[in-house]
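Here it is: the structure, laid out below.
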Amino acid sequence: MELKITDEKPALLGGEKAFTGAFPRWPVYDRSEEEALHEVLYSNKWGRLDGSSTAKFEAEYARVMGMKHCLTTSGGTTALFTMLGALGIGPGDEVILPAYTFVATYNVVVLNYALPILADTDINSFQVDPQKMRKAITKETKALMPVHMGGVPADLDSIMDLAQKHKLPVIEDACQAPGSEWKGKKVGSYGVGGAFSFQSSKNLNCAEGGAITTNDSAFYQACYAFHHQGQTESTASFGTGEGTRGTNARMTEWQSRMLLAQMVRQQAQDNHRSENAAYLSSLFNDIKGIYPARLYGGTTKVSYHLYMFRYDKAHFAGMPRERFIQALRAEGISTSTGYGRLNTDPYVLALGQNKHYLKIYGEKIMKQWSERNQCPQNDKLTSEQSLWLGQSVLLGSRSDMEQIAESVRKIQKYAKEIMTTH
Ligand SMILES: *Cc1c(COP(=O)(O)O)cnc(C)c1O
């Protein structure tokens with residue numbers, strides 16, 4: 001792809017901004033959301049135990065996903081928490097998850113007093129490295145929890161192979177990936193269950209909300225009971241429960257009715273993001289030192305939540321990533337470094353001193369635990385290379401993508417000058 005070559009200086013050096021427009025606002029809504037909220041208000045039925053919107057959304061989401069069951073939850077975190085609860089994960093169990101993920105994936109394991117084991121990243125894809133997952137398996141491992149980071153499918157073939165070999169259930173954290181596909185099937189349909197988030201930054205948005213998808217009816221029933229105080233779907237009034245533990249993680253009618261309205265735009269928005277992402281990658285591929293996150297061979301559709309790419313300062317006169325971000329900001333484009341080093345975050349390291357963990361696992365295992373969580377590839381990715389553009393940027397125009405690439409090219413051309421000005 002030929003970029004228009006100008007001799008324009010970067011904005012940081014006093015040149016014209018490359019990007020003069022504005023990226024689309026988020027959230028996107030119109031009168032249909034307004035009507036949806038009115039409808040729920042005047043129905044006097046605001047919760048799923050009274051109304052019918054939640055069941056309607058679940059049926060619709062299951063249909064779109066090509067799945068037997070969908071269970072909505074109060075959020076993506078509670079969707080994951082509910083599935084771990086339904087699997088009976090608890091103290092003494094180990095769960096393997098990526099080091100490169102939102103902290104929620106980690107938190108739900110800790111909420112169950114299980115031991116979270118962080119697997120290193122495939123730096124080219126930003127996804128969990130299945131080989132590193134394999135190496136982390138012990139006789140205490142009770143589940144694998146891959147994440148489809150940025151909406152991009154993880155290497156599901158390798159992960160499902162591994163799970164089958166070791167007879168381990170897979171819970172897919174597809175919170176960022178509603179609509180993405182692996183070999184023509186939606187992600188979230190490969191494991192025993194998939195988790196989705198409808199939190200306000202996510203591609204399908206009702207402020208806070210989540211869903212579990214599954215083809216396993218017994219697992220669905222167990223999840224339903226867990227998220228509804230141990231009550232079954234048919235329990236008329238609160239009485240004898242199912243299982244031994246439960247919580248309230250129910251979705252409200254406000255959320256589900258909003259989702260029904262938002263969902264109408266989902267397909268078109270997904271296509272728009274995915275066309276722009278492919279175009280931006282084709283432009284970036286012509287720029288040395290900029291590497292779009294690699295897609296695995298089984299990927300057939302990506303409903304990007306993040307556009308993830310790597311920056312190699314060696315091709316930018318040694319310009320640190322922070323300075324590159326500054327230069328891009330001057331052009332009118334905001335990027336972020338994204339997630340940091342979860343495995344060495346003080347919040348995560350503090351678990352080694354948690355009195356309950358010391359009681360359950362003992363000092364030796366907790367000491368080994370932080371050593372097991374070493375992730376050198378992820379350290380390198382997060383501390384030097386990773387960059388994100390948000391999903392709403394991908395809802396911009398084709399020429400917006402050209403202006404992003406043009407900005408990078410200008411910054412590269414003038415990298416030495418940028419390094420020496422303050
Ligand atoms: C957003 C997110 C979650 C949590 O979802 P909430 O709806 O915010 O609770 C979990 N995992 C990943 C990867 C996410 O991006």
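Start at 1 and go down the list; that is how both ligands and their atoms are numbered. For clarity, every value in this text was computed on a predicted model and none was experimentally measured. These values consider heavy atoms only, across backbone and side chains, with no hydrogens, waters or symmetry-generated copies.
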Are Tyr106 and Phe102 close enough that their ring centers fall under 6.0 Å? no

Closest to atom 14 (C) of ligand 1 among protein heavy atoms sits Lys202 NZ, 3.1 Å

Evaluate the side chain to side chain contact (heavy atoms under 4.5 Å, CB included) criterion for residues Leu115 and Val95: first the C-alpha distance (whole Å), next the side-chain angles of each, then the deciding distance (0.1 Å), finally the verdict. CA-CA 6 Å; Leu115 202 58; Val95 176; over 6 Å; no

Hey, is Gly209 one of the residues with a heavy atom under 4.0 angstrom from ligand 1? yes

Per-atom contacts, ligand 1 versus Val147 - under 4.0 Å to a heavy atom: 13 (C)

Should Ser197 be counted as touching ligand 1, given the test is an N or O pair under 3.5 Å? yes

Ring centre gap for Phe316 and Tyr311 strictly below 6.0 Å: yes

Would you check if the distance from the ring center of Phe226 to the ring center of Phe81 is below 6.0 Å? yes

Do Phe324 and Lys313 have side chains that approach each other closer than 4.5 Å (heavy atoms only, starting at C-beta)? no

Going by atom types alone, do Thr78 and Thr82 pair a side-chain donor with an acceptor below 3.5 Å? no

One finds that the ligand 1 atoms under 4.0 Å from a non-hydrogen atom of Thr105 are 11 (N)

Residue selection (non-hydrogen contact nearest atom 6 (P) of ligand 1) among Ala211, Ser74, Gly76: Gly76

Among protein heavy atoms, which lies nearest atom 4 (C) of ligand 1, and at what distance? Thr77 OG1, 3.4 Å

Check each atom of ligand 1 against the heavy atoms of Ala104 and keep those under 4.0 Å away; list them by number with element. 3 (C), 4 (C), 10 (C)

Which ligand 1 atoms, with their elements, are less than 4.0 angstrom from a heavy-atom of Gln199? 7 (O), 8 (O)

Under a 4.0 angstrom heavy-atom cut-off, which atoms of ligand 1 come close to Cys175? 2 (C), 3 (C), 10 (C), 11 (N), 12 (C), 14 (C)

Who gets closest to atom 13 (C) of ligand 1 by heavy atom: Val103, Asp173, Thr73? Asp173

Quick check on the 6.0 Å ring-centre criterion: do Phe126 and Phe309 meet it? no

Test of proximity, Thr101 against ligand 1: N or O pairs below 3.5 Å: no

Shortest non-hydrogen separation from Met149 to Gln176 and the atoms involved: C-OE1, 3.7 Å

